[in-house]
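Data block below; observations after.
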Amino acid sequence: MAASKWHSLTIASAVAFSGFSAVHLIDDFLAGVPREFNLSVPLTELLALAYMMALVGLIAAASRQSPTGYLGLAVAGSLIGLAQFMKSIPEILQPGPWRLGLSSEVFALGLTISAVLLTMFSILAWRTTRGQ
C-alpha cells in the first residue's frame, strides 16, 4: 500500500511529540508536579515508562501505516494537548516566570504544538488509510 500524503507528517510530528514529551516529563519531575497529584516517585516513574512505551509502540505501528497506530497517536495527541491547554498554558500565562523559566515554557509550548499537529495529521492519515 502506498503511503498517504499525511503519513510522513504524522511520523515527523510523532517524533517531535515524543521528544517534547520526554523533556516535559523531566521538567515536571524537576518542578515537583507528581507531588501536586500525591504520586510517589516509583509510581510516577512507572507511569512515565508505560506512557513512553505505549507512545513508541504507536509510532512503530503508524510507521507501518496501521490505522490503529494512527488512531492511537491521534488519541495520545488529543489527550496530551487537552491536558496542556487545561493545566500548563493557563499557568504559563500567569505573570512571572513559570517553573524553570524560558526553557520550561518553550518545552511546554513545543509539546502543545506537536500534540495538536500530531492529532491533526494522525486523523488525516487514519482517514486516508481507512479508505484504502
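Throughout, residue positions are numbered sequentially from 1 according to the sequence presented.
Side-chain heavy-atom separations under 4.5 angstrom define the hydrophobic clusters, and the remaining members of the one that includes Leu73 are Phe17, Phe20, Val23, Leu25, Tyr51, Met52, Leu55, Leu58, Ile59, Ile80, Phe107, Leu111, Leu118. Cluster partners of Leu117, using a side-chain heavy-atom cutoff of under 4.5 Å among ILVMFWY residues and allowing indirect links, are Trp6, Leu9, Ile113, Met120, Phe121, Leu124. Through side-chain heavy atoms spaced under 4.5 Å, either directly or across other Ile, Leu, Val, Met, Phe, Trp or Tyr residues, Leu49 is tied to Met53. Taking Ile, Leu, Val, Met, Phe, Trp and Tyr as hydrophobic and joining them when side-chain heavy atoms fall under 4.5 Å apart, one finds Leu102 in a cluster with Val106.
When each of Ser122, Ser63, Ser4 is tested with Thr10 by the rule side chain to side chain contact (heavy atoms under 4.5 Å, CB included), just one qualifies, namely Ser122.
Qualifying side chain to side chain contact (heavy atoms under 4.5 Å, CB included) partners for Leu39, counting only residues two or more places apart in sequence or in other chains: Pro34, Phe37, Leu43, Thr44, Leu47. Ser104 pairs by the side chain to side chain donor-acceptor pair (under 3.5 Å) definition with Asp27, not counting sequence neighbours. Remark: Asp28 pairs with Arg99 by the side chain to side chain donor-acceptor pair (under 3.5 Å) rule, at least two apart or across chains.
When all heavy atoms of Ala115 and Gly77 are compared, the pair lying nearest together is CB-O, 3.4 Å. For Ala61 against Gly69, the heavy-atom pair with the smallest separation is CB-CA, 3.7 Å.
The salt bridge (charged side-chain N to carboxylate O under 4.0 Å, His left out) contacts involving residues 41-55 comprise nothing, where partners must be two or more places apart or lie in separate chains. Applying the salt bridge (charged side-chain N to carboxylate O under 4.0 Å, His left out) test to residues at least two apart or on different chains, none of the pairs has a partner in residues 115-126. Within the structure, no pair that satisfies the salt bridge (charged side-chain N to carboxylate O under 4.0 Å, His left out) test touches residues 6-19, not counting sequence neighbours. Under the salt bridge (charged side-chain N to carboxylate O under 4.0 Å, His left out) criterion, no residue pair touches residues 9-26, with sequence neighbours excluded.
Expressed to the nearest 0.5 Å, how far OG1 of Thr128 lies from NE2 of His7 amounts to 12.0 Å. Summarising the geometry, atom CG belonging to Leu100 is positioned 6.0 Å from atom CG belonging to Leu30; distances are rounded to the nearest 0.5 Å.
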Would you be so kind as to tabulate the donor-acceptor pairs closer than 3.5 Å made by side chains of residues 81-91, with sequence neighbours excluded?
| unit_1 | atom_1 | unit_2 | atom_2 | d |
| --- | --- | --- | --- | --- |
| Gln84 | OE1 | His24 | NE2 | 3.4 |
| Gln84 | OE1 | Ser88 | OG | 3.1 |
| Gln84 | NE2 | Ala108 | O | 3.1 |
| Gln84 | NE2 | Thr112 | OG1 | 3.3 |
| Lys87 | NZ | Glu36 | OE1 | 3.1 |
| Lys87 | NZ | Glu91 | OE2 | 2.5 |
| Glu91 | OE1 | Trp98 | NE1 | 3.0 |

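In this structure, the side chain of Ser78 does not engage the main chain of Thr119 through any donor-acceptor pair within 3.5 Å.
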